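Values reported hereafter were calculated over all heavy atoms of this structure, with side chains retained and with hydrogens, waters and symmetry mates removed. Being a predicted model, the structure only gives us computed values, none of them experimental. Numbers restart at 1 for each chain; the letters A, B, ... are given by sequence-line order, proteins then strands.
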Amino acid sequence: MEKRLIWIEVLLKIRLKKSVLWIQAAAMLFLMWMASVIVLPDHENMHVLVYNEDGSFGEQFIENLKENAGEFLFQETDDPEILRQEILAGHAKYGLILKAGLEEGLQKEETEDLILFISSEMSDNGSSVLETVYQALFSVYSTMLLEHRAPQIFEQEVLEDALALMKERNEYYKTSEKVFDVTYEYLSDVKEKQQEERDVFPIRGIAASMILLHMMLAGGETVSLGKGSYEHNLRKWEKREYLFWKYIISSVLLAVTAVIGCNIFGVGKSLTTEVLNMVFFLFAGSLWVILLGIWLKKEAVYYGCICPLLAVNVILPPVFFGISTYIPAVRWINWLLPVGIYLKMQ
Amino acid sequence: MRQFATYFLLELKKDIRMLPWFFGSILLLMVLVFSGTLAISQVFLKGQVFDAITVDMAVSDHETKVKLIADVLSSMESVKNICRFQYTTEEEARAHLKRGESDAAIIIRDDFYKDMETGKNTPAVILFPVNDTFETRMFRQLITDGVSLIQTTEAAVYAATDAGKTYGLKVSRKEMEDLIFFSYIEKAFFRGEIFQKHVVSATGEYGVISYYGISGMMICLLMCGLNFSFMYGKQEDVIAEKLRVYGIGAVPSSAVKLLTAGLILWMISLILLCFLQMTGKLLGFWDLKLGQAMIGMLPVSLSISSIFHVVYTYGRQGGGVVLFFINIGMILCSGALIPVSYLPKALQTAGTIMPLSYWEIHGAQLCFGSSDGKWFLLEGAIIVGGILIGSLKGCYKWKKD
């Protein structure tokens, strides 16, 4: 026991004296901050910006649109450039520009290209919002259509009165129960469908991958030194135990930083849970690097494998995206990767 | 000069001999990074798109006209994007919904079409689960919009009928109904023409797939830097001292290191370009300007290698984590993973000074368009900067000695 305590003390002293480790810890915090401020566009964002170039008719249409918005949130903007920027940034999903001449075009029944619909390459084609927009417009357009058709239906002498009555009745019927409707019925006790795993953990993932890289580089030192290393003089299992502690101790500062970072950036659970998860991750990572050292003994091969192995740990577990949504087998592979195990514990 | 050339060739030979050891890892890295970036591009492309839900349509077998209308409706773009219809009975539709096998159901009662023809408004019943999802809510919205179109048309026909009762009609009632009904239906069917569609792109002029293809290549090259740490072991200080005795100072020594690493990276970039070309052609994504890209990637590779040359010169093998930090920082800020327009303002500003942003643009120009000369100048400056900064350590040591 005493021997192990001496190992830990000496290893800790050696590591903490390295200024590059402190830089790495600061760098880790910085990366965690960066990951925390990036917000990806929300899948359920139904924000639609509208810019009006058509005066009072456009205003009336926008009001009607807001009243019949349903699941969408229509908001007026006074700058078409802001509208484009908001769509590009993913803050708004779609944009509508009501072109000058909208009312005139509808009056003349020349309806081609009266509204500019803007969507992003990253969103869908907006066919559903267009239905909502059109039904709101159709309601307003309906009055114009009645005006156009009235001379074909009524005699000239009664036209004005007939049209007035027709408009009044039209408004009444639109909201009455006499027109076609559907009845919505809601069923309870419905078995809920299993939701796809869409959770990603960029903040934790970045921290864990930096710690793992640090461990792998510490393993590289052992491979580089070979027979010149201290541990080479130890017996087989003593050597492995020493390496186990060496890799853990080499990453203690980064691990502490990661736990603090998770709490600062709002992804931390209770401190005990965080510490326990991190200890488990360090154990898993250390064993993984020991196995790597046993498997790859040549320096160039070892260093050559660091990058793809790190990539495996960043790409397969849900660090930036959940690849397991597309390839379910990846869920099981993640149990073999330290970063995967760490993120599974969340 | 002769010593310089000899040293350069020796260093290059030494590094090239290491290349076969890298080969397997480069291939693995290539596959991983490209599949990763492809997955990200899919996440971005499909992340905001609705998942189509399954809707049971309970309708009697003899209601053939209703089925015909439903078939027409289901072929509409807006409907296709949101739901898939499947015909069943009312009992089965309810059972499917309870078991979670469908997301909603439309119940059409017997004689629905006959009622419609005679002007009787028998309501259709739409079933939803109490805890509906976003996709189900979108389907309800689509139903509401469709019903609104029907209501507007019906209201117009009824209004004209009422006015006709008071003021008399110029035509028969049937003719009046047909005139209004068909005018409204025509407008509703051709509703798409009112919209002029315009798509804005957050990934620039080359499209999402090309953007992520170039990103994948650049991320691979950046990350390959982690493999080069063996070139900067502790023995390098001793070698540098010996070289100084033979007249090779800190600057030429730094230049040789950078150039050899850059040449190896360039060879890797050639492999990546060939891989990119093969996969792109196979999947029908692109046809690269391969010759131009192969030559143009030399300065890009050299400038990338100048970054890790500086990091390893000062951090030795421990510089790997610092390099990883720099790489991840550049990847996040420059929009290699997430388009710049999605980033907060602070990161967007930081991205403008990240070399990866320029390598990405230059890489895309080399592969798909024509290259802008200013990028070569910038890369030249980065290479010279890398050589000089890398040599400062040697100069300082020499002065100290």
Side chain, backbone, both or neither: which part of [X] has a heavy atom under 4.5 Å from chain A?
X         : answer
Ile194(B) : both
Ser201(B) : both
Leu127(B) : both
Cys224(B) : backbone
Leu97(B)  : both
Arg137(B) : both
Tyr184(B) : both
Leu347(B) : side chain

Do you know which of [options] has the most heavy-atom pairs with chain B at a distance under 4.5 angstrom?
options                                    : result
Asp181(A), Leu254(A), Val158(A)            : Asp181(A)
Glu168(A), Glu157(A), Glu109(A), Glu110(A) : Glu109(A)
Leu114(A), Thr132(A), Asn68(A), Ile87(A)   : Thr132(A)
Leu316(A), Ile23(A), Val182(A), Ile306(A)  : Val182(A)
Leu102(A), Leu96(A), Leu145(A)             : Leu145(A)

Q: On the 0 to 90° scale, with breaks at 30° and 60°, tag the Phe325(B)-Phe30(A) ring pair as parallel, tilted or perpendicular.
A: perpendicular

Do [X] and [Y] come close enough that some side-chain heavy atom pair is under 4.5 Å?
X         : Y         : result
Gln141(B) : Ser128(A) : no
Val200(B) : Ile118(A) : yes
Phe320(A) : Leu332(B) : yes
Lys93(A)  : Val129(A) : no
Glu171(A) : Thr143(A) : yes

Q.
If you count every heavy atom of other residues, nucleotides or ligands that lies below 6.0 Å from Glu155(A) atom CD, does the total exceed 12?
A. yes

Taking side chain as everything from C-beta outward and backbone as N, CA, C, O, which of these in [X] sits under 4.5 Å from a heavy atom of chain B? Side chain, backbone, both or neither.
X         : value
Lys99(A)  : side chain
Ile153(A) : both
Glu177(A) : neither
Val312(A) : both
Ala69(A)  : backbone
Leu309(A) : neither
Leu21(A)  : neither
Phe138(A) : both
Tyr141(A) : side chain
Leu137(A) : side chain
Gln85(A)  : neither

Heavy-atom pair count under 4.5 Å with chain A, highest-scoring of [options]:
options                                    : answer
Leu169(B), Val171(B), Thr166(B)            : Leu169(B)
Leu179(B), Thr161(B), Asp132(B), Ile150(B) : Leu179(B)
Val157(B), Val147(B), Leu142(B), Val79(B)  : Val147(B)
Ala104(B), Cys333(B), Ala159(B)            : Ala159(B)
Ile107(B), Val199(B), Leu226(B)            : Val199(B)
Met223(B), Lys187(B), Arg94(B), Glu175(B)  : Lys187(B)

Q. What pairs of residues pass the salt bridge (Lys or Arg N to Asp or Glu O under 4.0 Å) test when at least one of them lies in residues 162-172 of chain B, not counting sequence neighbours?
A. Arg169(A)-Asp162(B)

**Q.** Pair Glu101(B)-Thr54(B), side-chain donor/acceptor within less than 3.5 Å
**A.** no

Q. Distance from Asn327(B) atom CG to Cys307(A) atom SG, nearest 0.5 Å?
A. 8.5 Å

**Q.** Where Pro151(A) and His148(A) come nearest, the two heavy atoms and their spacing
**A.** CD-O, 3.4 Å

Q) Ion pair present between Lys167(A) and Glu147(A), side-chain N to carboxylate O less than 4.0 angstrom? A) yes

(Q) With a 4.0 Å cut-off on N to O distance, would you call Arg149(A) and Glu186(B) a salt bridge? (A) no

Q.
side chain to side chain donor-acceptor pair (under 3.5 Å), that's the test. Do Ser139(A) and Ser142(A) meet it? Break it down for me.
A. CA-CA 5 Å; Ser139(A) 180; Ser142(A) 165; over 6 Å; no

Q: Please identify each residue that fulfils ring-ring contact (aromatic ring centres under 6.0 Å, His included) with Tyr172(A), with sequence neighbours left out.
A: none

(Q) Centre-to-centre under 6.0 Å for Phe154(A) and Tyr167(B), is that the case here? (A) no

Q: Please test Thr133(B) against Thr136(B) for side-chain contact (heavy atoms from CB on, under 4.5 Å), starting from the C-alpha separation and ending with a verdict.
A: CA-CA 5 Å; Thr133(B) 60; Thr136(B) 330; 2.6 Å; yes

